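Contents: one structure, followed by commentary.
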Amino acid sequence: MAVKKFKPITPGTRHKIATTFDDVTTDKPEKSLLSPKKSSGGRNNSGRMTVRYRGGGHKQMYREIDFRRAKDGIEATVKTIEYDPNRSARIALVTYADGQKSYILAPNGLKVGQTVQSGAGVSPEVGNTLFLSEIPLGTVIHAIELYPGQGAAMARSAGTYAQLLAREGKYAIIKLPSGETRMVLVTCRATIGVVSNPDHSLQQHGKAGRRRWLGRRPHNRGVTMNPVDHPMGGGEGRSSGGHPRSRKGLLAKGYKTRSPKKASSKFIISKKKK
């Protein structure tokens, strides 16, 4: 993986930085694993806009990803590494020994022809999915379950990973990409390695039109609005007074938003970095 810069032959390419697709091996997805994806444009079931700054974008098909990896004890061979428009990471098409095909999140370094496995007693190699009780301490992991059988919920975006620090009784202690340290049941599964496409964060779109292709409409700052429209609106000239807050008056940028009564707080050992 690498990034490429462009010669400034147009205003849109002057600051454009894009990732190369060297790791992608095909541009034709597996048809049996595709399903239609409806674009809401930020509207709810009555047609009212409930999420701002969404709309347009290129038509996409959803790729059915196997986040549970519950097909234990059967080897799967990696057939292709593919681009997925619905996520920042790459995905891998694997074919199991019994003929079933499925998409999985591709870890960094996974190659076509490699075999991956899941379940108890599997070796802790890149792409294999194991229970947290069997993963060696200090191992870098991703696609971690929060509850047994739920499917991967944490560390799924491009270039992210967590680290297994310790085990205490029926809980494993994991350091998450945010810096938060929390306990997860050792009966939950995780996949070995770092998520693919680590250079995703280095991208620069270069022009507003590229954001429109992704389904993002122009974003208006609160300070540019009138007082009737936003708590930070109004004033003479370019004044921007008051504490940063949302349109509904909730404080933002550094203020705690997590509910103190949340049941899962007892599993968090240390909070994420400021």
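Since we're looking at a predicted model, the values are computed, not measured.
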Is there a side-chain contact between [X] and [Y], using heavy atoms and a 4.5 Å cut-off?
{"X": "Pro218", "Y": "Arg212", "value": "yes"}
{"X": "Val116", "Y": "Glu125", "value": "no"}
{"X": "Thr139", "Y": "Ile192", "value": "yes"}
{"X": "Ile173", "Y": "Glu168", "value": "yes"}
{"X": "Leu176", "Y": "Arg182", "value": "yes"}
{"X": "Arg210", "Y": "Gln203", "value": "yes"}

Quick test of your reading of the model: are Asp23 and Lys111 salt-bridged, counting only N-O distances below 4.0 Å? no

Straight-line distance of [X] [atom1] to [Y] [atom2], nearest 0.5 Å:
{"X": "Gln204", "Y": "Lys5", "atom1": "CD", "atom2": "NZ", "answer": "8.0 Å"}
{"X": "Thr26", "Y": "Tyr83", "atom1": "OG1", "atom2": "OH", "answer": "14.5 Å"}
{"X": "Cys188", "Y": "Leu146", "atom1": "SG", "atom2": "CG", "answer": "7.0 Å"}
{"X": "Tyr62", "Y": "Lys37", "atom1": "OH", "atom2": "NZ", "answer": "9.0 Å"}
{"X": "Glu64", "Y": "Leu33", "atom1": "CD", "atom2": "CG", "answer": "7.5 Å"}
{"X": "Ser196", "Y": "Leu105", "atom1": "OG", "atom2": "CG", "answer": "7.0 Å"}

Backbone N or O of [Y] within a donor-acceptor pair of the [X] side chain at under 3.5 Å?
{"X": "Gln163", "Y": "Gly138", "answer": "yes"}
{"X": "Glu134", "Y": "Gly121", "answer": "yes"}
{"X": "Thr181", "Y": "Ser270", "answer": "no"}
{"X": "Arg189", "Y": "Arg69", "answer": "yes"}
{"X": "Asn44", "Y": "Gly47", "answer": "yes"}
{"X": "Arg90", "Y": "Val24", "answer": "no"}
{"X": "Ser246", "Y": "Leu250", "answer": "yes"}
{"X": "Ser88", "Y": "Ala158", "answer": "yes"}
{"X": "His230", "Y": "Met232", "answer": "yes"}
{"X": "Thr77", "Y": "Gly113", "answer": "no"}

Are [X] and [Y] connected in the hydrophobic side-chain network, where two residues link if heavy atoms are under 4.5 Å apart?
{"X": "Leu34", "Y": "Leu93", "answer": "no"}
{"X": "Val94", "Y": "Val112", "answer": "yes"}
{"X": "Met49", "Y": "Val51", "answer": "no"}
{"X": "Val78", "Y": "Tyr96", "answer": "yes"}
{"X": "Leu137", "Y": "Ile174", "answer": "yes"}

Among Thr129, Val194, Leu132, Leu130, which one satisfies side chain to side chain contact (heavy atoms under 4.5 Å, CB included) with Ile141? Leu132

Arg245: which of Lys248, Arg247, His243 passes side chain to side chain contact (heavy atoms under 4.5 Å, CB included): His243

Is NZ or CZ of Arg156 both nearer than 6.0 Å to the six-membered ring centre of Phe67 and within 45° of the ring axis? yes

Please say whether the positively charged group of Lys16, taken as NZ for Lys or CZ for Arg, lies over the ring of Phe6, i.e. under 6.0 angstrom from the six-membered ring centre and within 45 degrees of the axis. yes

Evaluate the side-chain hydrogen bond (donor to acceptor under 3.5 Å, both in side chains) criterion for residues Arg258 and Ser264: first the C-alpha distance (whole Å), next the side-chain angles of each, then the deciding distance (0.1 Å), finally the verdict. CA-CA 11 Å; Arg258 185 182 171 92; Ser264 61; 3.0 Å; yes

Can you confirm whether the side chains of Gln100 and Lys71 place a donor and an acceptor under 3.5 Å from each other? yes

Residues Ser178 and Glu180: side-chain donor-acceptor under 3.5 angstrom: no

For a quick test of reading the model, state the closest non-hydrogen atom pair linking [X] to [Y] and the distance between them.
{"X": "Ile144", "Y": "Ala190", "result": "CG1-CB, 3.9 Å"}
{"X": "Pro29", "Y": "Glu82", "result": "CA-OE1, 3.5 Å"}
{"X": "Asn128", "Y": "Thr115", "result": "OD1-O, 4.3 Å"}
{"X": "Thr160", "Y": "Ala155", "result": "OG1-C, 3.6 Å"}
{"X": "Ser239", "Y": "Gly234", "result": "OG-O, 3.9 Å"}

For the aromatic rings, using the six-membered ring if either is Trp, is the centroid distance between Tyr161 and His142 under 6.0 Å? no

May I have the step-by-step check of side-chain contact (heavy atoms from CB on, under 4.5 Å) for Asn197 and Thr19, ending in yes or no? CA-CA 8 Å; Asn197 197 17; Thr19 55; 4.1 Å; yes

Between Thr80 and Lys28, does the side-chain contact (heavy atoms from CB on, under 4.5 Å) criterion hold? Intermediate values first, please. CA-CA 10 Å; Thr80 58; Lys28 290 182 171 60; over 6 Å; no

